[in-house]
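Note that these values count all heavy atoms, side chains included, but never hydrogens, waters or copies made by symmetry. In what follows, chains carry the letters A, B, and so on, assigned in the order in which the sequence lines appear, proteins first and then strands, with residues in each chain numbered from 1.
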Amino acid sequence: MKREPGMAYDTKVLNKVFAVISVCFLLVVIWMVFDDYIRPWKAVQIKALDIEKQKIQEKIKEIDGSIDGEKLKELKAKIAEAEKGVEAQQEKVEKINDAISEIQRKIYVQNMVNGVNGSQAAAFQFQYEHALMQNHPEEAKKLKVTFDDYKKKEMAGKDNLKGLQAEETKVQNELKAILADKTAAEKELKNLVGDKERMLTAMSMTEKNPIWAMRNAPFIDYLDPTIKIRQYVVANATNDFYFQQVPKIDRCTTCHVFIDKPGYEDQANPYKTHPKVATLAVGVSSAHPVKDFGCTSCHGGVGDRVNDFNSPAHIPQNAEQMKEWKEKYHWHEPHKVPQPMIPLQHVEGMCMKCHTQQERIPMADKLNNGRKLVEQYGCYACHKIEGWQHMKKPGPSLQKIDGKVSKEFIKNWIWSPKTFNPKSKMPSYFNQENNSTPEFKAKNMAEVNAMAEYIYRTSRGYKPFQRYTGGNVSKGKELIETIGCVGCHMVEGIDDKWNAVGERKGTYLTGVGSKVDPDWLVSWLKKPSHYQEDTVMPSFRLTDTEANDIAAYLLNLKNKQFADLRFPEINKKLRDEILVQDYFSAFETVKVAQAKLEKMTDDQRTMELGKRSISKYGCYSCHNINGFEGDLPQIGPELTKEGSKPVEQFGFGQQKQVPHTRQGWLTQHLKTPRIWDVGVPKPFKDLNKMPNFYLNDQEIEAMVGVLLGQVSDKIPLAGQKRLSAGEKQYYDGMKVANQYNCYGCHNIDGVGGSLSTAFEDPNYGPPFLTKEGFRVQTDWLYDFLQNVHPIRSYVKVRMPTFNFKHDELNKLVTGFQGGSNQNTFEAPVKVEWEPGEREAAKRIWDELACTTCHTGGFNSDEPQAPNLHFAKKRLRTEWMEAWIANPQSFLPYTSMPAFWDDGSGNLIPAVDGVLDNDPKRQIRAVRKLVQEFGYETSPKPFTKNE
Amino acid sequence: MIKEAINYLSSPLYSFTAFIVLFVVALKRIDIVGTKKFGLGLLIVTLAVFGWMVADPVFFSVISLPDNIPIIILNGLVFWSTWYALYKGHQNDLRIERGEGPIEGTPENREKVWAWPNLVYTELFCGILCTIFLIVWAIFFKAPLEEPANPTWAPNPAKAPWYFLGLQEMLVYFDPWMAGVVLPGLILVGLIAIPFIDVNPKGNGYYTFKERKFAISGFLFGWLALWIFLIQVGTFLRGPNWTFYGPFEYWDAHKVVAENNINLSEIMWIKLFNVGLPKNIFVREIFGLLATFGYMFGLLPLIYKKWGKNYLPRMGAIRYYIMVFLVLGMMSLPIKMYLRWFFNLKYVLAMPEFELNL
C-alpha cells in the first residue's frame with residue numbers, strides 16, 4: 001500500500017472507518033432511546049385499553065338490549081313532527097334569533113363600559129380618600145367631582161344592563177315556547193339513549209388513533225402522554241428514608257389500572273378490581289380510599305418502583321404462585337428491601353399498624369381470629385407485645401393446686417400435656433427436637449420432678465366448700481350443652497353440634513375424672529372465685545343438683561392410660577449436676593459452687609432446682625405460682641416490632657429448607673420452635689426454650705399475620721386510627737368483654753358470637769348485642785351485670801354471673817355507652833299523654849296482639865318474647881321507638897314483626913285510622929303505653945339455691 | 001474435591017505466596033514468558049480454567065454482580081498489557097543482544113507522521129468506540145442502584161468502589177490511619193516521584209526488560225501483587241463481615257473465623273518474658289520502636305552493600321535515599337501481611353495513646 005509522506009494511514013480508509021463507527025454510534029443511540037422508551041408497564045396500559053373497550057362494548061350491548069325500540073322510533077317521529085312545526089314558523093324564529101343576537105351584543109358592550117366606569121370610580125375613590133388623608137382638601141374636592149361622575153355612570157350602566165337582560169329573557173322565552181315540543185321530545189330521547197352516548201364517548205377514549213400514537217411517541221411523550229406513570233402521593237402514610245419521613249408515593253395503579261373501578265372483578269391481575277373496593281379499601285367511598293392511603297401502606301412493598309414486576313418487591317402467597325410467577329415474570333426474591341410485600345394471606349396483620357387501640361377490628365376477620373389465638377395461647381405472657389399488657393395470665397393459678405390435682409398428675413402433665421389432653425393449650429416443653437437425647441431427657445426429668453415438687457409444696461392448701469354427692473350423668477351432659485358452658489369450653493362426648501362452637505377460652509374438658517378432686521370440681525362449678533379470686537370462669541348460679549350432675553358427667557370422662565403413668569423418681573445426681581453446672585457456677589468457680597451445694601439439704605436442693613427451673617422455663621408467665629409474685633421479667637423476646645425485624649436477624653440455623661423470609665421463619669417457628677437448635681451444638685442450659693403448641697396450619701397462618709403486623713413504621717398522626725372519646729370508651733370496654741370472652745356467646749356489633757350461631761333460631765341463643773349502649777339504660781346494665789336476672793325466660797342458655805372487678809364493670813358499662821354516644825345519666829321515664837293518645841295506644845296494642853308473644857304479666861301462655869313490664873327500667877326511650885319502627889335493622893334474626901315498616905325502610909301506619917295515620921305518633925303511643933305499665937323495679941336476681 | 005482444594009489454597013497466605021513465587025519465576029524466565037507461544041498457551045489455559053470456574057453457581061453469582069464486571073474486564077486488560085510489554089521487551093532484548101538495536105529504532109519506525117489526522121482522528125475513533133461500548137454495557141447491565149442508604153442496616157459486606165478494594169484489603173493488616181492515609185499517600189507521592197528518581201535513559205522510546213530490570217520488576221510488584229491482587233481478593237474472596245471465602249464457598253453471613261491478634265509488645269513482654277506490660281509506653285513499645293527504626297534505618301548499610309554500590313553513584317544521594325524509603329514503605333505491606341499470617345501480629349508498634357499503630 002502506498003502512503004503519502006507523513007501519513008501512517010490512508011485517509012480514505014480512515015474516513016470509511018469513521019463512517020462505519022459513526023453509523024454504529026447513531027444506531028446505538030437510537031437503541032438506547034428505545035431501550036429507555038420501552039417499559040413493561042406501557043404494554044400493560046395498552047392492553048388495558050383493549051380490556052376497557054371490550055367492557056364498554058359489553059355495556060353498550062346491554063344498554064342496546066334494554067332500549068325499547070318502539071319507543072325510540074316513536075320519539076324520533078315525534079321530534080321530526082315537532083321540527084315541522086318549527087319550520088312552519090321559520091320566519092318568526094329567524095326574527096327572534098336576530099333580536100337575541102342584537103340584545104346580546106348590547107349586553108356585551110354594556111358589560112365592557114360598566115367595567116371601565118367601575119374601575120375608574122374605584123381608582124378615583126382611592127385618590128379622593130388619599131387626598132383627604134394627606135390634607136389636600138382642594139384637590140380632594142376636584143377628585144370628588146370626577147369620582148361622582150364615574151359612579152353615576154357606573155350605576156346608570158348597571159341599571160341599563162338589568163333592562164337588557166330582562167329583555168333577553170323575554171325574547172328567549174318566546175323562542176322556547178315555539179321550540180317547546182321539540183325540546184321535550186329531545187330530552188326524552190336523551191333520557192333513553194343518554195347512557196349509551198356516554199359510553200360511546202368513553203369508548204372513543206380507548207381508541208388507538210394517530211393522535212393517541214403521537215401523544216405517546218418517543219421524545220414528544222413528555223408533553224401530554226396518555227400512557228404514563230400514575231401515582232398517588234399519600235400524606236397519611238410515609239416512606240421511611242431514614243432521618244426523613246416522606247409522603248408515600250404509590251405508583252401501583254400504573255399497572256393495576258382498574259383497581260379502583262368496579263366491573264373488572266372477572267379480569268386477571270393486574271387488571272382486576274380490588275375485591276373489597278366498595279367497603280374496605282381503594283374505592284372513593286370505602287374506609288381507606290386509595291388517594292388517602294395508597295396501596296403499600298397495607299400491602300407493603302416498594303410502591304414507587306415500576307421498572308418491572310420484581311422491582312416493587314411483589315411476594316407470592318405460596319410455592320405454587322411462586323412457581324407461576326417465576327415462569328411468567330422471572331420473579332426472584334427482592335434484594336435488600338426492608339419491607340417487601342406482605343403475602344396476601346397475612347395482609348390483614350397490617351391493620352394493626354394504625355389501629356393500635358382496637359383489639360378487634362371490623363372487616364378484619366382473619367386478623368381478629370389471629371389475635372384471638374395469640375390471646376388464647378398466651379403468646380403475650382412470655383413475649384412483651386405493646387398493647388397487650390393489660391391481659392390476664394392465660395393459665396390457671398397454681399397457688400392452691402394441691403386442692404385440685406395430685407403431684408403425680410402434675411409431673412406427667414408437665415412432661416407431656418398433650419398425652420392427657422390433645423387439645424390442651426398448655427404447650428410441650430419436653431421431648432422436642434433439641435432435647436430428646438437420653439442425657440437431656442434425664443436432665444429434663446430431674447427438672448420436672450423438682451418443679452412439681454416446688455409447685456406442690458408451696459401450694460397454700462384448699463378446702464372445697466361443697467362435697468360431691470354423685471349426680472345424673474345424662475342430665476349433666478344436657479346441662480353442659482344447654483346452659484352455655486360451650487361458650488368457652490369444648491367438652492369430650494357432647495353433641496358435635498356444640499363442640500363445633502369451637503370456643504377455647506377455657507380448656508378442652510377431657511379426662512377430668514382422672515385429673516381433679518371431685519369435691520374441688522363441685523365447689524369450682526358452684527363458685528369459681530372461691531378457688532381462684534381472679535378467674536374469668538363465671539358462676540352459672542347452679543343448684544347443688546345441677547352442679548353435681550355436671551360434675552358427674554365430667555368425672556365420668558377418664559383417661560386411664562394417663563392415670564396409670566408413674567413418673568420416675570428424681571435423679572439426685574443429675575439434679576446436683578444441673579444446680580452446680582447451670583446455676584451456681586454462673587458467677588463462681590465450680591469449686592465454690594460445689595461447696596455451696598454441699599451446705600444444702602437434699603430437700604433444699606430439690607426445691608432450689610424446682611424454683612430455678614420454673615424461672616428457666618417461665619412457668620410464672622402464664623400461671624400464678626407462690627414465690628413468683630411481683631413484676632417478673634418476660635422470658636421471651638419482645639415482639640412489638642417483630643414485623644420490621646431484619647430477616648438477617650432471624651437465626652435459621654441449619655434449616656436450609658425454610659424460606660429466608662420473615663413469614664418463612666415465623667411459620668416454621670410456630671410449627672416446630674426448637675428446630676433451630678438441630679445440628680447446633682449447645683450445652684443443656686442454652687437450649688432454645690420456646691415450647692411447642694402443636695398448632696395447625698390455619699392457626700399458624702393467622703398468628704403469623706398478627707406478628708407480621710407488629711411493625712415499627714412511623715405513621716403520621718393523620719394516618720393513624722384515632723379514637724373519639726366515645727370510641728375510646730367502647731374499645732376499652734371491649735377489652736374487658738374480650739378478657740371474659742363475652743364474644744364467645746354474644747355477637748357484639750358484628751364481632752364474635754360463636755355460640756349464638758350454633759342455634760338454628762338465634763332467638764333462643766345468647767342475644768346479639770348491637771348498639772347495646774343505645775338499647776339499655778346505663779343504671780340497669782350496671783345493676784344487671786352484678787345481679788343477673790332472667791329476661792327471656794324461654795331461653796335455656798344462661799347469662800352467667802361474672803366476678804367482675806369494680807373497675808372492669810365500669811369500663812364495660814361505659815364502653816357500651818360510649819360506643820353508642822349515650823349519656824351516663826338519664827332523667828327517669830315519665831309518661832305524659834296527649835289527648836286521645838292513650839286510647840289510641842290501647843287500640844294499637846290490642847289490634848297488633850302484642851301479648852301473644854310478650855305474655856309475661858298478661859296471660860299464662862308460654863312467653864316467646866321478654867316480659868314488657870321490665871322494659872321501663874331496662875330500655876332507653878329512643879331505642880324503643882327505633883326498635884318498634886324496624887326491629888330487623890337492629891337484629892336481623894328477631895321474630896318481632898316490623899308492623900310499621902313497608903319492607904324497604906319506609907314508615908307506614910300499622911293500624912288504620914289511629915292518630916291521623918301518623919306512624920311516628922302511633923309508635924310513640926305504644927312506647928308510652930309500655931312504659932306506663934312498667935314496673936319500677938327489676939326482677940329479683942337469682943339466688944344461690946334457685 | 002478440586003474446588004475444596006482451591007477454596008483452601010486461595011486463602012490470602014497461600015494465594016499471595018503463590019502469586020509472588022509465580023511473579024518472581026515469570027520475571028526470571030522472561031525467555032519463556034516473553035514468547036507468543038507462552039502468551040497463547042496462557043490465554044487458552046486461563047480461559048479454560050475460568051470457564052470451568054464460571055460453571056460453579058456460587059462463583060458465578062459473585063462475578064456476575066454488576067459491580068464486579070469491571071474487574072473481570074480489568075483482569076483481561078492487565079493480563080494482556082503486562083504480557084505484551086514483556087513480550088515486546090524480550091524481543092527487543094534479543095535484538096539488542098544480537099546487536100541489531102530495538103525494533104523501534106529501525107529506520108522505518110523512526111519516520112515521523114502528522115498528528116492530524118494520524119493521531120487525533122484515531123483518538124476520535126477510540127472515543128466513539130468507547131462510548132458505544134459504555135452505552136451497550138449500560139443497556140445490558142442496569143446501574144445497580146439500591147434503596148436509600150439506611151444507617152441502621154448497612155449492607156454486608158460493605159465494599160468500597162472496586163478500584164479502592166485494594167486499599168480496603170490493606171485495612172485488614174494496618175491501622176486505618178496507616179492503610180487509609182499514610183500508605184495511599186506514599187503511593188501517590190511515589191508515583192509522582194518516579195520520573196524524577198528514574199534517571200536511567202535506557203528504554204526511552206522502546207520496550208526492554210533487561211535494561212530496566214529493577215524498575216520494571218519493582219513497579220510490577222507494586223502494581224500486580226500489592227494493588228491488582230488485593231483488588232481481586234477484596235472483590236471475589238471477601239464476603240460478609242469481610243471474612244475470607246474461597247471462590248466456590250457460599251457467602252454465609254454467619255461464618256465465624258477465629259482470629260485473635262496480639263501486639264508485638266504483648267508477644268515480647270507477656271509471652272516471652274512472662275511479665276506484665278510496663279506502664280511506661282516507651283518501655284512497653286521498645287521492641288516495636290527498635291523494629292521500626294531498625295527496618296527504616298538499620299537496613300540501610302545492608303541495602304547499600306547489596307545494591308546501593310551500583311545505584312548510589314549513578315543516582316545521587318537524594319534520589320537514592322528517597323527511592324530506598326519508598327521501596328521500604330512498599331515492602332512494609334507484604335511484610336506485615338506475613339507477620340499477621342504467621343504470628344497473628346496485630347501491631348508492631350502499638351501506641352493508641354498517640355494514635356500511632358504500625
Side-chain angles (χ1 to χ4, degrees), chain A residues 3-36 38 239-244 246 302 304-305 307-308 311 313 334-339 644-654 656 660 680 712, chain B residues 57-58 61 64-67 107-159 239-241 250-256:
Chain A
R3 277 188 276 135
E4 288 174 53
M7 291 297 288
Y9 312 104
D10 186 348
T11 316
K12 277 184 184 160
V13 175
L14 289 186
N15 286 344
K16 276 178 194 159
V17 172
F18 181 56
V20 170
I21 61 174
S22 298
V23 170
C24 288
F25 189 35
L26 181 69
L27 293 176
V28 167
V29 169
I30 293 172
W31 180 13
M32 178 180 78
V33 170
F34 269 93
D35 186 68
D36 187 52
I38 293 164
N239 284 332
D240 188 354
F241 286 131
Y242 322 113
F243 309 125
Q244 193 70 40
V246 180
V302 192
D304 55 349
R305 299 205 300 205
N307 302 25
D308 57 26
S311 59
H335 301 308
K336 299 182 184 176
V337 176
Q339 186 60 277
S644 293
K645 185 168 154 183
V647 180
E648 284 76 2
Q649 288 180 19
F650 288 100
F652 284 89
Q654 298 283 329
K656 279 189 202 145
H660 272 229
V680 182
S712 63
Chain B
V58 173
S61 74
S64 60
L65 290 176
D67 280 336
E108 68 266 26
N109 279 340
R110 293 178 75 92
E111 191 192 344
K112 289 184 176 153
V113 294
W114 303 108
W116 170 263
N118 296 304
L119 176 67
V120 180
Y121 210 13
T122 42
E123 277 178 350
L124 176 68
F125 296 173
C126 295
I128 295 173
L129 287 170
C130 281
T131 314
I132 290 176
F133 171 71
L134 288 176
I135 291 175
V136 174
W137 186 359
I139 289 173
F140 281 110
F141 301 100
K142 305 289 182 215
L145 298 178
E146 293 173 7
E147 291 295 290
N150 179 350
T152 61
W153 192 24
N156 188 9
K159 287 194 178 182
N241 312 319
Y250 168 68
W251 284 15
D252 184 346
H254 303 289
K255 179 170 175 178
V256 179

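Tyr121(B) and Phe18(A) have tilted rings, their planes meeting at an angle from 30° to 60° on a 0 to 90° scale.
When Thr131(B), Thr122(B), Leu129(B), Ile135(B) are compared by the number of non-hydrogen pairs under 4.5 Å with chain A, Ile135(B) comes out ahead.
Lys142(B) pairs by the salt bridge (Lys or Arg N to Asp or Glu O under 4.0 Å) definition with Asp35(A), not counting sequence neighbours.
The two atoms that bring Asn118(B) and Ala8(A) nearest to each other are OD1-N, 2.9 Å, heavy atoms only.
Proximity to chain B involves both the backbone and the side chain of Asn15(A), based on heavy atoms less than 4.5 angstrom apart. Neither the backbone nor the side chain of Leu119(B) comes within contact range of chain A; no heavy atom of the residue lies under 4.5 Å from a heavy atom of that chain. Looking at Phe133(B), neither its backbone nor its side chain comes within 4.5 Å of chain A, counting heavy atoms on both sides.
A 4.5 Å side-chain heavy-atom check between Trp251(B) and Ser61(B) finds every atom pair outside the cut-off. Between Pro240(B) and His254(B) the shortest side-chain heavy-atom distance does not fall below 4.5 Å.
Tyr9(A) and Trp114(B) have their aromatic ring centers separated by at least 6.0 angstrom.
Under the 3.5 Å distance criterion, the side-chain polar atoms of Asn241(B) are left unmatched by any main-chain donor or acceptor of Asn156(B).
At a heavy-atom cut-off of under 4.5 Å, chain B is reached by Pro646(A), Glu648(A) from residues 644-651 of chain A, listed in order of number.
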Item to check | From CA spacing to verdict: side-chain contact (heavy atoms from CB on, under 4.5 Å), Asp36(A), Met32(A) | outcome: CA-CA 6 Å; Asp36(A) 187 52; Met32(A) 178 180 78; 5.8 Å; no
